[in-house]
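Proteins get letters first, then strands, A, B, ... in listed order; numbering begins at 1 in each. For clarity, every value in this text was computed on a predicted model and none was experimentally measured.
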Number of protein chains: 2
Amino acid sequence: MRDQQISELTTNRLSLYLRFLTELDGKGVESVSSKVLAEQFGLNAALIRKDLAHFGGFGVRGLGYVVKDLRQQLHSILGLDQKLQVAIMGAGNLGLALADYQGFGQEGFRIVALFDTEAKKVGMRSRKGVLIRHSRKLKTVVRREKIAIAVIAVPAQEAQQVVNTVVEVGIKAVLNFSPGTIRVPDGVKLKNVDLTVSLESLSFHLADRQGGGVKWGI
Amino acid sequence: MRDQQISELTTNRLSLYLRFLTELDGKGVESVSSKVLAEQFGLNAALIRKDLAHFGGFGVRGLGYVVKDLRQQLHSILGLDQKLQVAIMGAGNLGLALADYQGFGQEGFRIVALFDTEAKKVGMRSRKGVLIRHSRKLKTVVRREKIAIAVIAVPAQEAQQVVNTVVEVGIKAVLNFSPGTIRVPDGVKLKNVDLTVSLESLSFHLADRQGGGVKWGI
DNA sequence: TTTTGTGAAACGCTTCACAGCT
DNA sequence: AGCTGTGAAGCGTTTCACAAAA
């Protein structure tokens, strides 16, 4: 398998499946069918089978999927076997909140450092103890701590510059929270979380009253 | 126009166009072509024309779009003419950070209140002064302040319950930051921002090295 | 000439439907 | 019988290509 490219829509769903499988495993459930998964997420069962079949048939016909095995497989497929180190750029409100956010540490990520250029913040820590370092130290820390992902939580006007810097020191994956268009070179994966876009999308639907059927996003 | 349903992909892009138009207007630029917009966002020019044509042809052939007019139109289409009131459920790290987040207040939203069930938090304020109220007061405050959007920033295990409550008091738009599957009735618009899914998507691409071309998401 | 607005074609994702395995 | 894996159909989105307008 793995003949086609895996779309982002698929990887997002894999992530959801993994979370649910972990929950099922915790409850001692041993197997699960695509039908049950489909009901859980409001998706079509065939879609779930296709998502999983991309990586080789680990289903059992007549039975479904073995929860423990599938969980392990997805964990590995999503690259969560080696705990990835994450740096957060910008120790403002949002950066500090993200540094302490429970969900981040959960599955396979570790927040190694916050970076900021403001001298008076440097040396301080988030509530949960993540150290704020000066952005000058980025290169050294990224190399020493093997940081793989940068989260951008700086004001919009600084964002492109900060992204350029993290790309220069060799980071290949960027999660951007700042609004506006960011450019990265080929080979670097950028994911945008744009809070304004999200809110304005809700605003549109409130203004528009287009029927209002519900979709089970992301 | 407006014969078809407008997809979420389209509304997300409208939001991006609006932000850029505001920037252009600030710089005194008077008109802009779909080609320039396309380059800015890494999109196809025809797509941008289609997006805008849904709402009636406000382009000028041979010239492009008049920045001020188009900005005004998009602002109105996105429902930003009346400032929408927003409540944040959960005054933890994330809730407090979101309450103070600059980008939120910017375009047409006002954070009216934070809600929490923890007695010792009630009565306190975020750094920028948003009051924390007890969740019991939700119904009263939503009605008095005409709150239209709820942002969910509570732990995963409470999220569905909290969403049920905000839906009961009449809120029709929910921005959910908590991980896991949330269900809302028809007529309520739900948008999920799932930080774990975002990070795991990056992790997948780091593990997979599938070429790595860049897409200009959201 | 430049650039919009838009049918038609191309593409990608999802759903259907069923053969095949347990 | 139950459920997966998958080719084919269906559907939605994007791109192409060009007529029409300024």
**Item:** Ser7(B) vs dT13(D): side-chain N/O to OP1/OP2 distance below 4.0 Å
**Value:** yes

**Asked** Taking atom P of dT14(D) as reference, at what distance in whole Å does atom CD of Glu8(B) sit?
**Response** 12 Å

**Prompt:** Rounding to a whole Å, what distance do you find between Leu52(B):CG and dG5(C):P?
**Reply:** 8 Å

**Message:** Please determine whether a side-chain nitrogen or oxygen atom of Ser34(B) lies at a distance below 4.0 Å from atom OP1 or OP2 of dT3(C).
**Reply:** no

**Request:** Starting from P on dT4(C), measure out to CZ on Phe55(B) and report it in whole angstrom.
**Result:** 17 Å

**Message:** In this structure, how many angstroms lie between the P atom of dA22(D) and the CZ atom of Phe58(B), rounded?
**Reply:** 17 Å

**Request:** Using atom CG of Leu47(A) as one end and atom P of dG10(D) as the other, report the distance to the nearest whole Å.
**Result:** 18 Å

**Closest listed nucleotide, where the reference is the side chain of Tyr65(B) and the choices are dT14(C), dT3(C), dG5(C)** = dG5(C)

**Message:** Just to verify, what does Ala156(A) make a side chain to side chain contact (heavy atoms under 4.5 Å, CB included) with, not counting sequence neighbours?
**Reply:** Pro179(A)

**Request:** Mark yes or no for whether Gln160(A), through its side chain, and Arg183(A), through its backbone, hold a donor-acceptor pair below 3.5 Å.
**Result:** yes

**Ser34(A) side chain to Arg49(A) backbone, donor-acceptor under 3.5 Å** = no

**Prompt:** Which letter, B, S or -, goes with each nucleotide of nucleotides 16-22 of chain C from 5' to 3', with contact meaning a protein heavy atom under 4.0 Å?
**Reply:** BB-BBBS

**Ion pair Glu8(B)/Lys189(B), N-O distance below 4.0 Å** = yes

**Request:** Mind calculating the distance between CG (Leu37(A)) and P (dG2(D)) to the nearest angstrom?
**Result:** 19 Å

**Request:** Check the distance between dG5(D)'s P and Ile48(A)'s CD1 and give it to me in whole angstrom.
**Result:** 12 Å

**Complete:** Residue set satisfying side chain to side chain contact (heavy atoms under 4.5 Å, CB included) with Asp81(A), at least two apart, ordered chain then number -> Gln72(A), His75(A), Ser76(A)

**Message:** Which is more 5' along DNA chain D, the nucleotide nearest Ala45(A) or the one nearest Asp51(B)? Just name the residue.
**Reply:** Ala45(A)

**Message:** Which heavy atom of Leu98(B) sits nearest to which heavy atom of Ala153(B), and what is that distance?
**Reply:** CD1-CB, 4.5 Å

**Message:** Once you apply a heavy-atom cut-off of 4.0 Å, does Leu9(A) come out as touching a base, just sugar-phosphate, or nothing?
**Reply:** sugar-phosphate

**Request:** Could you check how far CG of Leu63(A) sits from P of dG5(D), rounded to whole Å?
**Result:** 12 Å

**Message:** For the backbone of Lys83(A) and the side chain of Gln85(A), can you confirm whether one donor and one acceptor N or O come within less than 3.5 Å of each other?
**Reply:** yes

